[in-house]
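Just so it is clear: chains get the letters A, B, ... in the order the sequence lines come, proteins before strands, and each one is counted from 1. Side chains included, hydrogens not; waters and symmetry mates left out as well; all remaining heavy atoms used. Keep in mind that this is a model prediction, so the values were computed, not measured.
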2 protein chains.
Amino acid sequence: MTATTVHQPTHREALWELEDAFERGDLITIFGRCTVEYDGRAASSLDPGRRLLILKPDGTALVHTDENQKPVNWQPPGSEHHAAVRDGRLRVRSVRSSPDETLDVRFETVEQLSAMAVSGRRDLSVTGSEADLRNALLDRPALIEPGFEPLATERPTDAGPIDLFGRDSDGRPVVVELKRRRVGPSAASQLQRYVAAIEREEGDAAAVRGILVAPSVTDRARRLLAEHGLEFVAVEPPSDGSVAVSTATDNDADVVDDDTDDDTAASSTAESAGEGSN
Amino acid sequence: MTATTVHQPTHREALWELEDAFERGDLITIFGRCTVEYDGRAASSLDPGRRLLILKPDGTALVHTDENQKPVNWQPPGSEHHAAVRDGRLRVRSVRSSPDETLDVRFETVEQLSAMAVSGRRDLSVTGSEADLRNALLDRPALIEPGFEPLATERPTDAGPIDLFGRDSDGRPVVVELKRRRVGPSAASQLQRYVAAIEREEGDAAAVRGILVAPSVTDRARRLLAEHGLEFVAVEPPSDGSVAVSTATDNDADVVDDDTDDDTAASSTAESAGEGSN
DNA sequence: CGTGCCAGGTGCCAT
DNA sequence: ATGGCACTTGGCACG
């Protein structure tokens, strides 16, 4: 059997199962009414309630409730799980150092405890990342601007690594910052820092161009770009590895002034076909 | 019984249990060998492996593996779970719109399926947030600087809301940006944007001061602050609601040059004694 | 709904 | 370890 489960065990029975599961390196789920105390980078406290505790063999601990994607409390990988019965009740404590953090789960009742052998995520391939966007643009640099010549990716500077560095048809240095989604002010500032760094390097101020490449940009970010003489080129978010300029942004000046912010989603999700059988 | 579990059910049995659990609004865990396909803001694919699928009544879906705190695949709250048996195999599909996203989990084998009634997180109180830091500083403004007078929090500007706005003993406007932990370049840029916004408002450039308040700052951020004539005040992260200046930062010039980056953790969690009561 | 920002962010990879 | 940054970031609060 690959999954062992005990229902409404005594706290001591639960402890036995827990220790066995620790031994086997299983992933463990405990469901029951409990309180949760956390102290570390911050501190929090949870009143009694019925929750799901997940303990991973890598030291991760997760306390999940009814709702929300994120656990209400947790402990990162690398922590050490300890279990004990105090006052006749199961207590699971997950501790780590640097930073010093403690998660304490005290069970009033244990409804169910399961242990299962879970396999690690071996091959997860994600497409649509910023790296994919970069590769697509390296294949077709003209999407950024006709005549743009890429020279380096992740080019190191005083202010950090530049996503894509190159030169335009006039030989001017161009700093390109890539974002896979609509960007706000922080991205504009980031680009500005890189441009300033290159300007310091080259010693020739005002000759360095900065281009923000993203699906779209907020108003504030657009204004920020304008203030610093930076440019914006709209590309659709990379879906299958290919990219496309969303609209013909006539980008020759230092600031774009068109308003390409509607995301033509397409969205032909017509899968209303019967997947019933219920 | 508050938790129903079936072991190694047929796929059709699993489907029945699933539908009942959906009906009851239970939190559901399914453990088995499966493949996972995701398509939406990005796209990903997972080869067959033994994983734990969690379905929440609020529409959240989580695929957890052996390791890591974050699920290897997921669907945010608000999605709709659909289950069906195709080709004799259980398939769980979680769909949401805006953005259009689909998570597809196909089980080769279902080892275990559990459903439990979990209560929502009612009262979670976290201390040590940035808001706590702000309140502590409002109580003792002199921690920022002797004579500093707070005037507003979350003061709106052209560039966004300022954490803490006030005036110094000379009547000069002061923009304060708070961070609960060690900060990098982005925080410096953020402060710079706010200072520039206030300078535009006041019309009197160079008269506006900007102070970054955080436990510590990286070298690059420090340099950025210096470039823009911004200041830094070190405070220990708020632990129990109180704050303390980490070291006597003689901050009268525009840039501090001391190096306060050691975090005296303290951490006196000595509760090995019998903590009886309830 | 979008905009902006904090978060116990997490995770990845570089020095 | 620290630093810098992307992330299907998630979550909240506000206009």
Within the structure shown, what part of the strands sits under 4.0 Å from B:Gly160 by heavy-atom distance: base, sugar-phosphate, or nothing?
-> sugar-phosphate

For A:Glu201, the side-chain hydrogen bond (donor to acceptor under 3.5 Å, both in side chains) test, sequence neighbours excluded, returns A:Arg155

Does any donor atom in the side chain of A:Ser216 or A:Arg182 lie under 3.5 Å from an acceptor atom in the other side chain?
-> yes

If you measure from the C1' atom in C:dG11 to the same atom in C:dA7, how many Å do you get, rounded?
-> 15 Å

Can you pull the salt bridge (charged side-chain N to carboxylate O under 4.0 Å, His left out) pairs that have at least one residue in residues 56-82 of chain A, sequence neighbours excluded?
-> none

Which residues, if any, of residues 150-158 of chain B bring a heavy atom under 4.0 Å of DNA chain D?
-> none

Euclidean distance, atom CG of residue A:Leu46 to atom P of C:dG8 [Å, nearest integer] = 13 Å

A:Phe107 vs A:Arg91, side chain to side chain contact (heavy atoms under 4.5 Å, CB included): CA-CA, chis, key distance, verdict | CA-CA 6 Å; A:Phe107 284 91; A:Arg91 186 185 71 182; over 6 Å; no

Worked check of side chain to side chain donor-acceptor pair (under 3.5 Å) between A:Arg193 and B:Ser189 = CA-CA 8 Å; A:Arg193 294 201 300 270; B:Ser189 288; 2.8 Å; yes

Interatomic distance, A:Arg182 CZ vs D:dC7 P [rounded to whole Å] | 18 Å

Quick note, A:Tyr194 side chain, CB onward, closest among C:dT10, D:dT9, D:dC5 is D:dC5

Per the under-4.0 Å heavy-atom filter, residues of residues 67-78 of chain B near DNA chain C come out as B:Asn68, B:Gln69, B:Lys70

Just jot down the side-chain hydrogen bond (donor to acceptor under 3.5 Å, both in side chains) partners of B:Arg223, sequence neighbours excluded, or say none.
-> none

D:dG15 C1' sits how many Å from A:Asp219 CG, rounded?
-> 14 Å

Strictly by modelled atom types, are B:Ser44 and B:Asn73 linked by a side-chain donor-acceptor pair under 3.5 Å?
-> yes

Do the side-chain N and O atoms of B:Ser45 and B:Glu37 include a donor-acceptor pair separated by under 3.5 angstrom?
-> yes

Closest of D:dC7, D:dT8, C:dG8 to the A:Arg41 side chain is C:dG8

Distance, P atom - from D:dT8 to D:dG4, rounded to whole angstrom = 23 Å

side-chain hydrogen bond (donor to acceptor under 3.5 Å, both in side chains) partners for A:Arg96, two or more places apart | A:Glu101

Between A:Arg220 and C:dG4, does any side-chain N or O lie under 4.0 Å from OP1 or OP2?
-> yes

Please tell me which of the listed nucleotides, C:dT3, C:dA7, D:dC5, lies nearest to the side chain of B:Ser129?
-> C:dA7

Using a cut-off of 4.0 Å on non-hydrogen atoms, how would the nucleic acid contact of A:Arg193 be classed: base, sugar-phosphate, or nothing?
-> sugar-phosphate

Proximity to the side chain of A:Gln190 - top-ranked nucleotide from C:dC5, D:dC5, D:dT8 = D:dC5

Among C:dG4, C:dA7, D:dA6, which nucleotide sits nearest the side chain of B:Glu130?
-> C:dA7

For nucleotides C:dC5 and C:dG9, find the distance between their C1' atoms and express it as a whole number of Å.
-> 12 Å

How close or far is atom P of D:dC7 from atom CZ of A:Arg180, stated in whole angstroms?
-> 6 Å

Rounded to the nearest angstrom, tell me the gap between atom CZ in A:Arg222 and atom C1' in C:dG4.
-> 17 Å

With a non-hydrogen cut-off below 4.0 angstrom, is A:Ala159 in contact with a base, only sugar-phosphate, or nothing?
-> sugar-phosphate

When the distance from CG of B:Asp132 to P of C:dC6 is rounded to whole Å, what number comes out?
-> 15 Å

Ignoring backbone atoms, test whether A:Arg181 places a side-chain nitrogen or oxygen under 4.0 Å from the OP1 or OP2 oxygen of D:dT9.
-> yes

Select from A:Ala221 and B:Val126 the residue whose nearest nucleotide in DNA chain C is closer to the 5' end of that strand.
-> A:Ala221

Rounded C1' spacing from D:dC5 to D:dT9 in Å | 12 Å

Starting at NZ of A:Lys179 and ending at C1' of D:dT9, how long is that distance when rounded to a whole Å?
-> 12 Å

Ionic contact status for B:Arg209 with B:Glu199, cut-off 4.0 Å | no

Picking from D:dT8, C:dG4, D:dC5, the nucleotide nearest the side-chain atoms of A:Thr218 would be C:dG4

Taking atom types as modelled, is there a side-chain donor on B:Thr35 or B:Arg106 under 3.5 Å from an acceptor on the other?
-> no

Atom-to-atom span, CG of A:Leu133 to C1' of D:dA6 - whole angstrom | 12 Å

